[in-house]
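One is the number of the first residue; the rest follow in order along the sequence.
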Amino acid sequence: MKRILVWFLILSSFVAAARAQDDATQQQINKTQRQIQDALDAQAVQSKRIDALEKEISDLRDKSGGSSVAQGDLEKLADQVQEIDKKRQADRELILKEIEKLGKAGGSPAVRRSTPTVTTNPPPGGASAGGRENGYEYAVQRNDTLSIIVKAYREQGIKVTTDQILKANPGLNPNSLKVGQKIFIPAPAK
């Protein structure tokens, strides 16, 4: 009788363990089913968005008569982008001036600048990127940046931009100018 009781206890524990495992498995199945349903719902939402975008594209094509954007519109857009870029450059230079003023007000030593030396020699390796051979050679000084160099030239009445300097000096890294490094400043077009 004791053996039957022991076997009954062992069998009961196996049955309880199997039920617990079945419950855990059922919970995992339910969780997986919820995740699948969530994925299907998300897919349905994305499909609706895609359909809406396709309809919007179709409506835009209908409004434009099925033709491409007019060349004049592209030119207007290009002009607007250039104007925005000019304003960005002017804002950048204004910010640099203000930072320089703040640096002077904070007691930092003033940076001495020499007057750029005018030359009519082309940069090393031939003509500049713009095809001009007239310009100015400048030796980079301590604490120089391209905006400081541009400002020095503008004070001398030579209107040049940082973009023009970069184009005239292929491979020039404006973030790592070295003292004594020679750069070519293109002469303004007449």
Q. Between the main-chain N or O of Phe184 and the side-chain N or O of Asn169, is there a donor-acceptor pair closer than 3.5 Å?
A. yes
Q) In terms of the angle between their ring planes, are Tyr153 and Tyr138 parallel, tilted or perpendicular, with boundaries placed at 30° and 60°? A) perpendicular
Q.
Does this structure show an ion pair linking Lys167 with Asp163, if we count only N-O contacts that are shorter than 4.0 Å?
A. no
**Q.** Rounded distance [0.5 Å steps], CG in Asp144 versus CD1 in Ile149
**A.** 4.5 Å
Q) Taking a hydrophobic cluster as the set of Ile, Leu, Val, Met, Phe, Trp and Tyr residues connected by side-chain heavy atoms closer than 4.5 Å, whether directly or through intermediates, do Leu96 and Val140 fall within one such cluster? A) no
Q | Chi angles and distances behind the salt bridge (Lys or Arg N to Asp or Glu O under 4.0 Å) call for Arg88, Asp91 | A | CA-CA 5 Å; Arg88 181 197 54 82; Asp91 288 346; over 6 Å; no
Q | Value rounded to 0.5 Å, distance of CD1 in Ile148 from CG in Asn143 | A | 7.0 Å
Q) Distance from Ser12 atom OG to Trp7 atom CH2, nearest 0.5 Å? A) 13.0 Å
Between side-chain atoms of residues 28-39 and protein atoms elsewhere (two or more places apart, or another chain), which donor-acceptor pairs fall under 3.5 Å?
unit_1: Asn30; atom_1: OD1; unit_2: Gln26; atom_2: NE2; d: 3.0
unit_1: Asn30; atom_1: ND2; unit_2: Gln26; atom_2: O; d: 3.4
unit_1: Thr32; atom_1: OG1; unit_2: Gln28; atom_2: O; d: 2.9
unit_1: Gln37; atom_1: NE2; unit_2: Asp41; atom_2: OD1; d: 3.0

Q. Sequence neighbours excluded, which residues qualify as side chain to side chain donor-acceptor pair (under 3.5 Å) partners of Glu93?
A. Gln89, Arg154
Q) How far apart are the closest heavy atoms of Pro186 and Gln164, and which atoms are they? A) CG-O, 3.8 Å
**Q.** Within-4.5 Å side-chain heavy-atom neighbours: Ile165 and Val160
**A.** yes
(Q) Can you tell me how far apart OG1 (Thr162) and NZ (Lys151) are? Round to the nearest 0.5 Å. (A) 15.0 Å
Q | Shortest non-hydrogen contact from Pro174 toward Leu172 | A | CD-O, 3.4 Å
Q. Is any side-chain heavy atom of Ile95 less than 4.5 Å from a side-chain heavy atom of Arg92?
A. no
Q: Would you kindly confirm whether Phe14 and Val6 end up in one hydrophobic cluster when ILVMFWY residues are joined by side chain heavy atoms under 4.5 Å apart?
A: yes
Q: Calculate, to the nearest 0.5 Å, the distance between atoms CG and CG belonging to Leu146 and Asn173 respectively.
A: 9.5 Å
Q. Does the pair Asp51 and Lys55 meet the rule for a side-chain contact (heavy atoms from CB on, under 4.5 Å), with working shown?
A. CA-CA 6 Å; Asp51 291 342; Lys55 182 176 180 345; over 6 Å; no
Q.
Give me the atom names and distance for the closest heavy-atom approach of Lys182 to Ala139.
A. NZ-CB, 4.2 Å
Q: Would you check if Ile84 and Val81 make a side-chain contact, meaning some heavy-atom pair closer than 4.5 Å?
A: no
